[in-house]
Amino acid sequence: MASRADVERLVNSFYDRVRSNAVIGPIFNDIARIDWEHHLPKMYSFWSSILLGEQSYSGNPMVRHIELSRMTAMTETEFSEWLRLFNETIDALFEGPKAEEAKTRAANIARLMLFKIQTI
Ligand code: HEM
């Protein structure tokens with residue numbers, strides 16, 4: 001994974017899985033009613049900033065997920081499923097140090113998010 005095009009492939013493929021997933025799909029489709037045309041470019045920037053140092057994302061994911069947790073269950077179950085899909089997507093498309101870094105960063109952010117949701 002070395003370019004913005006790689007990140008876009010990762011994000012597109014990940015959210016294809018998310019959309020049709022029984023555990024977390026409904027959070028995106030029915031609770032947040034995601035506008036994908038808006039959400040996907042934001043996620044390209046988020047992951048490009050993390051993995052490629054692009055500095056194109058500005059936002060506050062923690063706040064958004066705390067809000068979501070007031071509307072629906074955001075527990076260990078949902079976060080494990082999110083991570084499982086993310087890791088599955090990475091492993092299907094990429095290998096090497098950046099691929100491993102992506103999985104580690106996702107796991108760390110997910111752990112922090114769940115912690116904040118549980119303690120706030
Ligand atoms: C249970 C797990 C998760 C669920 C169900 C979930 C769901 C969502 C939803 C529904 C949104 C869209 C909110 C909106 O715009 O209305 C969102 C945004 C976002 N999510 Fe997650 N998410 C999860 C975990 C994560 C994790 C682990 C990360 C990071 C590694 C992440 C990163 C983001 C980012 C960056 C945004 C965009 C925030 C913004 O700037 O508006 N999410 N998520």
Side-chain angles (χ1 to χ4, degrees):
M1 195 179 335
S3 65
R4 173 93 179 188
D6 286 341
V7 169
E8 293 186 7
R9 223 148 52 87
L10 161 65
V11 168
N12 290 339
S13 177
F14 173 59
Y15 285 104
D16 280 348
R17 290 164 207 252
V18 164
R19 267 184 250 221
S20 57
N21 180 268
V23 179
I24 61 172
I27 302 179
F28 289 81
N29 298 323
D30 306 333
I31 307 284
R33 294 170 173 273
I34 288 287
D35 171 2
W36 292 100
E37 294 207 1
H38 184 70
H39 185 64
L40 292 177
K42 213 187 293 181
M43 300 313 296
Y44 302 151
S45 293
F46 177 74
W47 283 109
S48 296
S49 297
I50 290 183
L51 297 173
L52 309 174
E54 203 183 73
Q55 297 191 340
S56 54
Y57 174 77
S58 65
N60 192 332
M62 292 298 163
V63 168
R64 198 60 197 99
H65 294 82
I66 289 166
E67 283 168 8
L68 276 173
S69 75
R70 299 199 172 110
M71 297 155 71
T72 189
M74 293 278 279
T75 68
E76 180 82 47
T77 306
E78 288 76 22
F79 276 94
S80 297
E81 192 65 5
W82 188 103
L83 263 185
R84 192 183 67 73
L85 292 181
F86 189 83
N87 291 344
E88 188 182 277
T89 311
I90 294 276
D91 289 340
L93 296 175
F94 305 103
E95 56 186 15
K98 278 282 175 202
E100 295 310 307
E101 186 188 341
K103 290 188 279 185
T104 306
R105 297 294 291 264
N108 288 343
I109 298 168
R111 192 176 328 108
L112 183 62
M113 253 179 206
L114 181 58
F115 175 77
K116 292 209 174 191
I117 285 169
Q118 286 170 340
T119 51
I120 279 171

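Sequence positions, counted from 1, serve as the residue numbers for this chain. The figures here come from the full heavy-atom set of this structure, side chains too, leaving out hydrogens, waters and symmetry mates. Just follow the structure's listing: the first ligand is 1, and inside any ligand the first atom is 1.
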Protein residue, atom and distance nearest to atom 4 (C) of ligand 1, heavy-atom basis: M74 CE, 3.9 Å

Check each atom of ligand 1 against the heavy atoms of E78 and keep those under 4.0 Å away; list them by number with element. 1 (C)

Those atoms of ligand 1 less than 4.0 Å from some heavy atom in L68: 7 (C), 8 (C), 9 (C), 10 (C)

Protein residue, atom and distance nearest to atom 3 (C) of ligand 1, heavy-atom basis: W82 CD1, 3.4 Å

Does only the side chain of F46 get under 4.0 Å from ligand 1, or the backbone, or both, or neither? Count heavy atoms. side chain

For I109, the ligand 1 atoms whose distance to one of its heavy atoms is below 4.0 Å: 29 (C), 30 (C)

Output yes when the distance from some N or O of ligand 1 to some N or O of R64 is under 3.5 Å, and no in every other case. yes

Nearest protein heavy atom with distance in Å, relative to atom 18 (C) of ligand 1: H39 CE1, 3.4 Å

I want to check something: taking the side chain as every heavy atom from C-beta on, are S80 and L83 in contact at a cut-off of under 4.5 Å? no

Nearest neighbour in protein (non-hydrogen) for atom 7 (C) of ligand 1: F28 CZ, 3.1 Å

Which atoms of ligand 1 sit under 4.0 Å from any heavy atom of I27? 5 (C)

If you define the side chain from C-beta out and look only at heavy atoms, does anything of I109 sit under 4.5 Å from F46? yes

When the ring centroid of W47 is compared with that of F14, is the distance short of 6.0 Å? no

If the threshold is 4.0 Å, N to carboxylate O, is there a salt bridge linking K103 and E100? yes

Report the relative orientation of the aromatic rings in H39 and W36; use parallel for angles under 30°, tilted for 30 to 60°, perpendicular for over 60°. perpendicular

Under the 3.5 angstrom rule, does the side chain of S48 hit a backbone N or O of S45 as a donor-acceptor pair? no

Taking the side chain from N21 and the backbone from R17, do they hold a donor-acceptor pair closer than 3.5 Å? no

When only distance counts, is K42 in polar contact with ligand 1, meaning an N/O pair under 3.5 Å? yes

Which of the numbered atoms in ligand 1 are below 4.0 angstrom from a heavy atom of Y57? 35 (C), 38 (C), 39 (C), 40 (O)

Proximity winner for atom 33 (C) of ligand 1, if only heavy atoms of H65, M71, E81 are counted: H65

Contacting atoms of ligand 1, where contact means under 4.0 angstrom from a heavy atom of M43: 32 (C), 33 (C), 34 (C), 35 (C), 36 (C), 37 (C)

Q118, H65, E67, M113 screened by side-chain contact (heavy atoms from CB on, under 4.5 Å) with M74, the one that passes: H65

Would you say S49's side chain and Y57's backbone share a donor-acceptor pair under 3.5 angstrom? yes

Would you mind checking which non-hydrogen protein atom is closest to atom 12 (C) of ligand 1, with the distance to 0.1 Å? I34 CD1, 3.2 Å

With a 4.5 Å limit on heavy-atom distance, are the side chains of M62 and L112 in contact? yes

